[in-house]
Amino acid sequence: MIYENNPETEQPRRRKPAKKITPQRLKNIGLYYLKRFESSVENLRSVLQKRVNRYALENPDFDKHEAYQWIENILTDFEKLHYLDDKRFTEIKVRHYLSAGKPARYIQNKLREKGVADAKIEEMLDEFGYDPENMVLALAKRKKIGPFRPDEEQRKACRQKDMAALIRAGFDYDVVSEIMGYDFTVDDTDDDL
């Protein structure tokens, strides 16, 4: 048994032992996960391997390498049945992130975390016609910053702050400075010369 401290009662709380891992149990875990979430192959592999590792930690005589082979067989079956499809997963995620106004760098990082290949990500971004300028404008409009501030005085006073917010969101400096309508190669203080 593994014990954890319960901060409310200051008494140790028992954590349930991991249930026995079998090929059918792994398949059921995978199906239940896919019922709730769309997933990439690599992400589901990671979810199932975490379950195997937890059980193997509590049961040292358990052969987790055999269980890893069960996982590979399950993943292959799920792909054949079209329960898992990296292209579909990538398309859904890219569409969601683009509608939320996320930049390409953000989308690429999130999908890489889920095990999607860079080529598939680029293909989907091209398919959806990703345009960084439109995405910066959409985010600026939603946040009412940059060119969407109510008056010129506020735009000038908050220019650096607005640019920083857009750059932190993951957009390239060049695109943001173009949208902000300011050329940083020209220094405003030298206008009197």
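Keep in mind the model is a prediction, meaning the values are calculated, not measured. Heads up: numbering here begins at 1 and tracks the sequence.
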May I have the step-by-step check of side chain to side chain contact (heavy atoms under 4.5 Å, CB included) for Glu72 and Leu75, ending in yes or no? CA-CA 5 Å; Glu72 294 307 315; Leu75 294 175; 4.3 Å; yes
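The two residues Arg155 and Gly146 come nearest to each other via the heavy atoms CG-O, 3.1 Å.
Between Pro147 and Ile179, some side-chain heavy-atom pair lies under the 4.5 Å cut-off.
A donor-acceptor contact shorter than 3.5 Å is absent between the side chain of Arg105 and the backbone of Phe171. Side-chain atoms of Ser177 come within 3.5 Å of backbone N or O of Tyr173 as a donor-acceptor pair. Here the side chain of Asp85 pairs no donor or acceptor atom with the backbone of Glu79 at under 3.5 angstrom. Side-chain N or O atoms of Asp151 include one that pairs as donor or acceptor with a backbone N or O of Glu153 at under 3.5 Å. Using modelled atom types, no side-chain atom of Asp172 and backbone atom of Asp174 make a donor-acceptor pair closer than 3.5 Å.
Remark: Lys35 is not positioned above the aromatic ring of Tyr32, lacking an NZ or CZ atom under 6.0 angstrom from the ring centre and at most 45 degrees off the axis.
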Please report, to 0.1 Å, the donor-acceptor pairs under 3.5 Å made by any side chain of residues 116-130, with sequence neighbours excluded.
{"from": "Asp118", "atom 1": "OD1", "to": "Arg112", "atom 2": "NE", "distance (Å)": "2.6"}
{"from": "Glu122", "atom 1": "OE2", "to": "Gln108", "atom 2": "NE2", "distance (Å)": "2.3"}
{"from": "Tyr130", "atom 1": "OH", "to": "Ala104", "atom 2": "N", "distance (Å)": "2.9"}

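Residues Asn53 and Gln49 bring no donor and acceptor atom of their side chains to less than 3.5 Å of each other. Side-chain contact of Asn28 with Gln24: a donor-acceptor pair under 3.5 Å is present, judged by distance alone.
Between Glu91 and Lys87 no salt bridge is recorded (no basic side-chain N to carboxylate O distance below 4.0 Å).
Every ring-ring contact (aromatic ring centres under 6.0 Å, His included) that Phe37 has, sequence neighbours left out, goes to Tyr33.
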